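Structure, as structure tokens:
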Amino acid sequence: MLGFIIQRLLQAGLVMLVMSALVFVGVFAIGNPIDVIISPDATQDIRARAIAAYGLDRPIWEQYAGFLGRLLQGDLGRSFVFNMNVTDLIFSRLPATLELTLVAVLGATFIGVPLGIYAGYRPDSPVSKGIMAVSVLGFSVPTFWIGLLLILTFAVWLGWLPAGSRGPTVEVFGVGWSFLTPEGWKHLLLPALNLSLFKFAMMVRLSRAGTREIMLTDTVRFARAAGLSEWTILRHHVLKLISIPIVTVFGLEFGSTLAFAVVTETIFSWPGVGKLIIDSINSLDRPVMVAYLILVAALFVTINLLVDLTYALLDPRLRRKGA
Amino acid sequence: MTPTDTTLTSQDPVTLPAPEAAPAPVPPPVSPLRAFWAEYRESWIAVIALAVVVLVVLAALLAPWITPQDPYDIANLSLMDARRPPGYVGAEGYTHWLGTDANGRDLLSAILYGLRISLQMGLVAGLVALSVGTTLGLVAAHSGGRIETAIMRIVDLQLSFPAILLALVLVAMLGQGKGQLIAALVAAQYAYFARTAYGAAAAERRKDYVEAAHSVPLSARRIVFRHILPNIMPPLIVVATVQIANSIALEATLSFLGLGLPVTEPSLGMLISNGFQYMMSGRYWISIYPGIALIILIVAINLVGDQIRDQLNPRLKR
């Protein structure tokens, strides 16, 4: 087991190294940031000094080596645009994104799973068909389009909810959260709904497919033969059996929801990390892009590592194979 | 009572075997394609979806001949007609059924031209991803060993990484343009095909017919592409249907974020993005109608894919 863990840790480290090189070289290929930072009418002298200050005159491998060295010390550089430490910048935007993601994923799970079980339990009822129609829409309709419809309906036509931005926040542990005030919830509701629809559709499908398959198995037949009520069967047998894939997906999807937040945050001008990365792509703010991508890559490598290790813990065959 | 008897009670108890039933006449052999269509026809939603897909594709193909206006010929545009609501009769005497955009362009015409671009991107990206991914999956399944491990580790790693983020980054790196966008879409989606092809081929390679082909012996290339590939096509077709719809959606999303196609290629996503700024002032039609066209297309393709998947899933058949 120890060998397996070490092997996986080394693999994860290697992946991170390759990712950092790819990201660095890739981002380097985008435009010339000097054109963005310095006004076009600056003198040659100022230009040269700025280029030297940001280290943009050195060859790319030297810049990468320097970057890697600083990365190991936890320093991801300074933003060209905000002129502040990139790590601080990203972490200052993170609570907004986390809050949005958490509300969206939890809402999707607690509403989606019961509806999915119902749709799997009574696949032919009109209500189930309705639930499935909504989930097909949530799955296939692009997030940005649902966002537009939500803004048009609730902000422009009905005027019930604000169309964007975060609203007031309350400081807890030195971080601002908006879910603690009614006004904050008003701002949170539309983006969270927008972000959750895809996850909702996924939860409905997963639990429906699981329920349908389990309802056909002998487990359910024997439980019925034993005289258990349908409600007990659903709660004790079906929910228990389908919860394993749902929990796995919940964990994995949490990461990808952070990525989907890019779109939602841009539409609703939600000041999170997703909007930051789009803004920095548009303004060629290389350090922010590199740092964001490295952090996201690290997040996904960590999630994968944890999933691998958990599976190995549960399934000894994987350990022995060592692949 | 044996357990088998209890299971029967849940079904119709009256269906007892008829005494001395006459031997049923042997049905004439049905071609698998026709049998597939007969089952497909049972779901009217899927039939409508298929009709919609065919109609939209036809409308996009025939756009230059059926639109009232060439929306990208500047000579046709008049600023007097800009931002008019649906049903407005323009200076040239015909009705703009879906209104006009900020440049006085007929929205219906712009949508049909946009559909052309969106469909083209989706199809090309989907098909290239299909061939690249399937080839990689087959190579991995067939060669085994280090190559298998290397390819599938990369594929799995990529699958855990959201496609939209990958496409976003690639478009940001490669710059704007049709070729770049297709490259980004392919890179973001090939892994789904590789995973599917690998899984199916790994199951096939243990079967007798593959072993028989090996003992002839046929070349590895021939076995993989002529014998295994046809047998793993069904799941690949399902993935391809869904991924074409996904490519279209992804392209629209990127174009909406301003990171997709250049301004000279106005796809549906760009039309929606152009109308977004006018939505706050109640001029909803500029982005809503292109959006509706996009949704109809995507949902219809997905419904067709859903039906095919249900038909191919043996576990749903009793």
Side-chain angles (χ1 to χ4, degrees), chain A residues 11 15 19 23 25-31 129 132-133 136-137 139-146 148-149 151-152 155-157 163 209 212-213 216 218 221-222 224-225 252 255-260 262-263 266-267 274 277-278 280-282 284 289 292-293 296-297 300-301 303-304 307 323, chain B residues 1 3 6-7 9-10 45 148-149 152-154 156-157 160-166 168-175 242 245-246 248-250 252-254 256-259 269 272-273 275-276 279-282 284 287-288 291-292 294-295 298-303 305-306 313 315-316 318:
Chain A
Q11 255 182 27
V15 168
M19 287 294 276
V23 163
V25 174
V27 171
F28 201 87
I30 311 171
K129 295 226 161 109
M132 286 321 286
V136 168
L137 286 182
F139 230 178
S140 44
V141 175
T143 313
F144 79 92
W145 170 249
I146 295 175
L148 285 190
L149 285 187
I151 291 182
L152 186 66
V156 179
W157 282 344
R212 270 191 89 174
E213 279 179 16
L216 296 178
D218 291 340
R221 284 183 182 158
F222 279 109
R224 275 183 179 150
L252 290 175
S256 81
T257 311
L258 285 176
F260 269 85
V262 170
V263 178
T266 309
I267 298 172
I277 180 69
I278 294 283
S280 62
I281 288 178
N282 283 326
L284 297 179
M289 289 162 70
Y292 174 82
L293 293 174
V296 171
F300 280 96
V301 168
I303 291 177
N304 273 337
V307 170
Chain B
M1 236 187 185
T6 25
T7 60
T9 50
S10 65
I45 296 182
E148 178 181 8
T149 316
M152 292 324 289
R153 283 303 283 181
I154 294 174
D156 282 345
L157 191 75
S160 69
F161 205 78
I164 186 162
L165 206 60
L166 199 75
L168 204 78
V169 173
L170 281 173
V171 165
M173 285 181 198
L174 301 171
V242 176
N246 279 353
I248 295 174
L250 203 54
T253 304
L254 291 172
F256 177 80
L257 292 176
L259 296 167
I272 298 169
S273 165
F276 187 37
M279 219 173 65
M280 291 299 172
S281 53
Y284 62 91
S287 53
I288 288 302
I292 291 177
L294 178 75
I295 299 322
I298 293 174
V299 171
I301 297 179
N302 271 313
L303 286 174
D306 263 10
N313 185 356
R315 274 188 292 185
L316 290 182
R318 291 184 206 210

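A, B, ... follow the sequence lines: proteins, then strands. Residue 1 opens every chain. All values derive from a computational prediction rather than experimental measurement.
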For [X], is it the side chain, the backbone, both, or neither that has a heavy atom closer than 4.5 Å to a heavy atom of chain A?
{"X": "B/Ala245", "result": "neither"}
{"X": "B/Leu166", "result": "neither"}
{"X": "B/Asn246", "result": "neither"}
{"X": "B/Leu294", "result": "side chain"}
{"X": "B/Leu303", "result": "side chain"}

Give, as side chain, backbone, both or neither, the part of A/Leu148 having an atom under 4.5 angstrom from any heavy atom of chain B. both
Rounded to the nearest 0.5 Å, what's the gap from [atom1] on [X] to [atom2] on [Y]? Could you check?
{"X": "A/Thr266", "Y": "B/Leu259", "atom1": "OG1", "atom2": "CG", "value": "9.0 Å"}
{"X": "B/Leu257", "Y": "A/Ile267", "atom1": "CG", "atom2": "CD1", "value": "7.5 Å"}
{"X": "B/Leu168", "Y": "A/Ile281", "atom1": "CG", "atom2": "CD1", "value": "4.5 Å"}

With sequence neighbours excluded, what pairs up with A/Val141 under the side chain to side chain contact (heavy atoms under 4.5 Å, CB included) test? A/Leu137, A/Trp145, A/Ile146, B/Ile295, B/Val299
Report the residues that fulfil ring pair (Phe, Tyr, Trp, His ring centres under 6.0 Å) with A/Phe144, sequence neighbours left out, ordered by chain and then residue number. B/Phe256
Run the side-chain contact (heavy atoms from CB on, under 4.5 Å) check on B/Thr253 and A/Thr143 step by step: do they pass? CA-CA 8 Å; B/Thr253 304; A/Thr143 313; over 6 Å; no
Do B/Ile164 and A/Val263 make a side-chain contact, defined as non-hydrogen atoms from C-beta onward lying under 4.5 Å apart? yes
Audit row: A/Leu149, B/Ile288, side-chain contact (heavy atoms from CB on, under 4.5 Å) steps and yes/no: CA-CA 8 Å; A/Leu149 285 187; B/Ile288 288 302; 3.7 Å; yes
